[in-house]
Amino acid sequence: MRSHTCGQLRREHIGQTVTLCGWVDTYRDHSGVLFVDLRDRYGITQVVFAPEGGDDNLTAAKGLRSEFVISVTGKVAARPEGTVNMKHSTGEIELRVEKLQILNKSATPPFQPTSKDLPGEDIRLKYRYVDLRRPEMQNTLVLRHRMIKILRDYFDEQNFVEIETPMLGRSTPEGARDYLVPSRVQNGMFYALPQSPQLYKQILMVAGYDRYIQLAKCFRDEDLRADRQPEFTQLDLEMSFITMEDIIGVIEGAVARLAKQILGIELTLPLPQMTYDEAMERFGHDAPDLRFGMELIDLTDLAKEAEFKVFRGTADAGGRVRGINASGAAEKYSRKGIDELTSFVVENFGAKGLAWFKVEADGKLASPIAKNFSPELLAKISERMGAKPGDLLLFVADSFEVSCKALYALRKRLAAELKLYDPKTMNFSWIVEFPMFAKDAETGGWAAMHHPFTSPRMQDVPLLDTDPEKCRAIAYDLVINGSEAGGGTIRIHDQELQQKVFDLLGIDRETAKERFGFLLEALQFGAPPHGGIALGVDRLVMLFAGLDSIRDCIAFPKTQRATDMMTGAPGLVDAKQIQELGIKVAKQ
RNA sequence: GGGGACGUAGCUCAAUUGGUUAGAGUACCGGACUGUCGAUCCGGUGGUUGCGGGUUCGAUUCCCGUCGUCCUCGCCA
């Protein structure tokens, strides 16, 4: 049907008779001659309808409108002098149409795929087929394909086997909320869509598939974000007879190949590693953005000397006084601007306030609270913060947790507002040595930071009995530009150790048996030491494509209310279907 | 569940302190034009200002509710 694509023809094709197919991007009718920019996913080619091509064709071409699907046959010709348009790769040539075939008309599209004004996202999602015609979307989806292809090839070379695991599985109450699927055959029973293939892949290790990967669809019924969809894709991986270093090495190889082939960047390996504790101390978060500095600086010791009650009280009560130096920002943030930052940390992160100083030309610290500090102490603070004239110093005095959250968010916000980094740069790092446990806010007991099968570091095993809080897991997160791109752990393959962890988590034997007895049983039948990792593919594509929203790298994403604007899902179902499932809908 | 932004023509946006017939660009329809490429020029159609209620002589504008999209806190082992 077609001989070439709309991005293919060059000078060397001049004189050839070719057939192009595509969508009418724009048309320019000059009465005696009519131009159409014909578009397909490979590019745009100008096709020309002129009397020499036959009056019938010219007449028919006058009926063409945006997004009509046409096929044109004719000779490739050099463009007349002065009419070359190098905005398009085909801009040196044009197609002189001899035969036009309208393959399909189009209703007037809600928006033009190549229009400069991008419509609202609801419109884009409702007419996703039009939106997906946009070159940006097509480039992103092709990029996504290329990245997945690179990953599959890489892991294939490394002897990994891709194995599919079920979509219909068992619900596990830990972790995120499950998407549930009622069983028709067994009324009152439910499957859960997988949050990850975690348990299956561990069982595959027991089964001897020592190098497993899967590009796995995963589901989590939690609220959405710019970088979070209820349905997403993970590059899921598990290996046997390995250490954490082996897994990190394999992933670094994959990431380096992506960086090289997609971005043309030569990554220096191994990637830097930072412990969880260090990340929390220096950045207030376990996925710090290392593209810029403005680190958190601790002043708790100095705060104890302060007259200022907020500082001293917090320090004496075991809290922390930490701050950041927004270098050169004193002028940019007026009193009102700082008030805005204050309510930002107070309203969102529970900080009680935001203390601030502006560094004046003579190096002195100016602030409404400055009178509560001795000149000597101000000098010490200034030195600690590395303050220079024009700097804005911001402090949060609170519990460690609140100071982390507030200052992390503040650092992120200020860095964006002050343009502290080039959005094109890419920064890769590992965060390691995560705590095994975190306090569960609801129950007050211990909860697994990652999941209950995570192995502690061997040297920390005694801490399980004495001081679980200090116990560190063999866990590692890949962080790209301050975004968690993936995370993994070495798993427990020892029954006794697993039991001990369950005990700490308050999972009694019966519960454990009920929920994942099959895994515990499998571990008894010759489980090799193993571990793995999962990378968020959507997020990876988003980061590599330099996009701000995960929806822009997913063909058919959901809105914040988890609806599909195009299909209308979720929707009502027939009463009969409900009845067959043996369930009742409480409210309609 | 909480906080915030937005919602006006098919699309992107405007509309003075609350003021009379809600405008512009683009798309669409008609006309002119043989080298344009965001074509140009002339003319035209197109509006339940998301929806419901309230205040007012008068509401796109103010208030309440509701629906939708986005950002965010909680949540996301």
Side-chain angles (χ1 to χ4, degrees), chain A residues 25-38 44-53 58 62 65-67 77 79-88 90-91 94 96 107-127 130 172-178 195-196 198-199 218-230 232 343-350 405-406 409 412-413 434 436-438 440-442 446-454 473 475 484 487 489 501 505 507 515-516 536 548-549 551 558-561 563 565:
Chain A
D25 192 57
T26 55
Y27 56 95
R28 296 175 289 280
D29 184 357
H30 291 244
S31 185
V33 60
L34 188 151
F35 303 93
V36 167
D37 283 347
L38 191 63
I44 285 180
T45 300
Q46 173 165 282
V47 302
V48 186
F49 298 86
E52 308 86 78
L58 184 56
K62 286 180 189 292
R65 291 296 178 270
S66 287
E67 302 308 309
R79 292 206 187 183
E81 205 170 333
T83 64
V84 166
N85 180 3
M86 288 322 286
K87 273 189 211 161
H88 302 128
T90 60
E94 63 192 16
R96 303 274 169 81
T108 302
F111 58 95
Q112 303 282 123
T114 52
S115 157
K116 296 244 156 63
D117 291 330
L118 201 56
E121 195 160 355
D122 44 350
I123 302 290
R124 291 177 52 205
L125 291 173
K126 180 172 180 193
Y127 303 97
V130 177
T172 50
E174 289 82 14
R177 197 175 290 117
D178 283 321
Q195 296 180 27
S196 92
Q198 182 62 36
L199 303 185
C218 302
F219 305 85
R220 289 178 191 174
D221 188 4
E222 297 291 348
D223 285 358
L224 289 79
R225 287 285 187 284
D227 62 353
R228 213 197 286 167
Q229 282 275 304
F232 59 102
S343 51
F344 173 64
V345 294
V346 169
E347 284 163 23
N348 291 313
F349 307 102
K405 280 187 177 180
K412 197 166 152 180
R413 175 173 168 169
F434 282 78
M436 277 288 284
F437 309 103
D440 188 304
E442 280 173 35
W446 293 114
M449 188 116 169
H450 197 80
H451 60 61
F453 316 108
T454 299
E484 182 194 332
T489 66
V501 170
L505 294 172
I507 303 172
R515 287 183 193 166
F516 17 75
D548 293 323
S549 166
R551 295 183 298 279
K558 306 266 188 300
T559 70
Q560 198 159 45
R561 285 188 70 247
T563 59
M565 295 285 283

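Note that the coordinates shown come from a computational prediction; the quantities given were computed from them, not determined experimentally. Numbered from 1 within each chain, the chains take letters A, B, ... in sequence-line order.
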Sugar-phosphate only, base, or nothing, as touched by A:Pro119 at under 4.0 Å among non-hydrogen atoms: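 Result for A:Pro119 = sugar-phosphate.
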Residues A:Asp178, A:Arg220: salt bridge by 4.0 Å N-O rule: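 No.
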Salt-bridge contact A:Arg96-A:Glu94 (side-chain N to carboxylate O under 4.0 Å):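 Yes.
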Tell me which nucleotide among [options] gets nearest to the side chain of [X].
| X | options | value |
| --- | --- | --- |
| A:Arg65 | B:C28, B:G74, B:U34 | B:C28 |
| A:Thr26 | B:U34, B:A39, B:U69 | B:A39 |
| A:Ala226 | B:C11, B:C70, B:C71 | B:C71 |
| A:Pro80 | B:C37, B:G35, B:C33 | B:G35 |
| A:Asp223 | B:C33, B:C75, B:G35 | B:C75 |
| A:Phe349 | B:U34, B:U69, B:C73 | B:C73 |
| A:Asn348 | B:G2, B:C75, B:G30 | B:G2 |

Axial cation check for A:Phe111 ring with A:Arg124, 6.0 Å and 45° limits: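 Ring-cation test returns no.
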Toward the 5' end of RNA chain B, by each residue's nearest nucleotide, A:Gln46 or A:Asp29: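 Taking each residue's closest nucleotide, the earlier one in sequence belongs to A:Gln46.
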Main-chain N/O of A:Gly350 paired with A:Lys405 side-chain donor or acceptor, under 3.5 Å: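 The answer is no, because no donor-acceptor pair under 3.5 Å joins these two groups.
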